[in-house]
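As structure tokens, the structure follows; a few thoughts come after it.
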Amino acid sequence: MQVFKFGGASVKDAQGVKNLVTVLQEAGHKNTLIVVSAMGKMTNALESVVGNYFDNKTELQSSLQEVRKFHNAILLDLFENENHIIFNKISKLFDELAAFFDRNKSPDYNFVYDQAIGYGELASTTIISAYLNEVGLENNWLDVREFIKTDNYYRRANVNWLETQLQITTHFNQNKLNITQGFLGSDANNFTTTLGREGSDYTAAIFAYCLNAESVTIWKDVPGVLNADPRYFENAQLLNSISYREAIELAFYGASVIHPKTLQPLQRKEIPLFVKSFLNPQNPGTCVGKGKGIEPEIPCYILKRNQILISLSSLDFSYIVEENISDIFNLLHLYKMKVDVIQNSAISFSVCVDDIYHNLDKLLQHLKAKFKVTCHENVSLYTIRHYNTEVVAQLEQGKTVLMKQLAQETMQMITA
């Protein structure tokens, strides 16, 4: 049993869907589960739909129509017969989405987001499943929400492993070519939940863990795991192999090629993870597995943009001690801030956060009741694993450094 995950870039258009077939033919598709993301930038498009529902109702219908047009264009390129049943299936799918907005009464953005956003994955897998059947690759389409069960922490749900394991082991047929959606799950009331952005990798790992899969392969538009994002750093190099531990460290610090939660279930059962190029499926790519460090041993660079640096100091020059720090972290948890870096001294405390849920103003108002607060928005967080003095000096050049930390293996720097 093998698990393949295809991201949005790999199926962004009809040619991408056809290339997916090529990958399956070259890499093998016997006893395989395919996990697929929304096509192209469809998740972003659906986020705009949700935004219009809350803030700009006059644009809601036109944004929904754009989503339909995008998928219909791909269908017309894939299927010669315009009377093919798939056209009606996709139309009904988006009718269902429009009907949700008409009947919804919930004012909770996170709930509405999760009910709407998954239609990208539902559409992509429905289209791809039909095309695979069309070209002779018989497959079984699965609704992932019937298998992955979660709590109701919308937009970043936590997996109920016992229930998920039961559903997968009871109802999944390993002897077929199966296709399902990444990113999605459902709660105890069968409302759709999501596992966090880029959660399709995590979906693949969940199935692999529950099915004791031989391997997981993530198909990307890059040759494998690189030591830096080529969009921001020159001369990025391919890492041939990485240990689970090293990959978890890179993911924790924000390396975008692997979702942070993906590696944990794979490591527990020592299931190897391959990251390969869907443009060159025969190339070896990167293997993440049991072993030591990375090969080759070179510095690894990670950049996270649009971060927020909050610096606190006591109003009366008293020490910031355990009690104060506990209060600060309680507030960060309350307002759902993702903490990336912390630093403290006797009378000051600094934290770099990612404001995923747009609660910054509420957090700052709460903090200002107890502390003197300085806030820098839109800062950049650089992390270097396996740094040396030369690469640190090169990275600092021409930048305004607001905060820097050096540990034995990792350097982190926040710049304005």
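The structure displayed is predicted, hence computed values, not measured ones.
F111 pairs with exactly one of F54, Y153, Y154 by the ring-ring contact (aromatic ring centres under 6.0 Å, His included) rule, that one being Y154. Evaluated for a side-chain contact (heavy atoms from CB on, under 4.5 Å) with L78, the options I86, V17, I128 yield exactly one hit, V17.
Ring planes of Y53 and F101: tilted class, angle from 30 to 60°. The aromatic rings of W219 and F4 lie perpendicular to each other, with more than 60° between the two planes, well past the 30° mark. Note: Y202 and W161 have perpendicular aromatic rings, judged against thresholds of 30 and 60 degrees for the angle between ring planes. Between F94 and H71, the ring planes lie tilted relative to each other; the angle falls in the 30° to 60° range.
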Please tabulate, for the side chains in residues 336-343, all donor-acceptor contacts under 3.5 angstrom to protein atoms that are two or more places apart in sequence or on a different chain.
| from | atom 1 | to | atom 2 | distance (Å) |
| --- | --- | --- | --- | --- |
| K338 | NZ | D340 | OD1 | 3.2 |
| D340 | OD1 | K304 | NZ | 2.9 |
| Q343 | NE2 | K404 | O | 3.3 |

Atom pairs and distances, side-chain donor-acceptor, residues 351-365, under 3.5 Å, sequence neighbours left out:
| from | atom 1 | to | atom 2 | distance (Å) |
| --- | --- | --- | --- | --- |
| D355 | OD1 | H358 | N | 3.0 |
| D355 | OD1 | N359 | N | 2.8 |
| D355 | OD2 | N359 | N | 3.3 |
| D355 | OD2 | L360 | N | 3.2 |
| N359 | ND2 | Y335 | O | 3.1 |

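Separation of the F6 and F278 ring centroids does not fall under the 6.0 Å cut-off.
Judged purely by distance below 3.5 Å, without hydrogens or angles, the side chains of N133 and N139 pair a donor atom with an acceptor atom.
Here the CZ atom belonging to F70 is positioned 11.0 Å from the CD atom belonging to E66, to the nearest 0.5 angstrom. Distance check, rounded to the nearest 0.5 Å: CD of Q181 to OG1 of T125 gives 4.0 Å.
Between E246 and R385 there is a salt bridge, since at least one side-chain N of the basic residue sits less than 4.0 Å from a carboxylate O of the acidic one.
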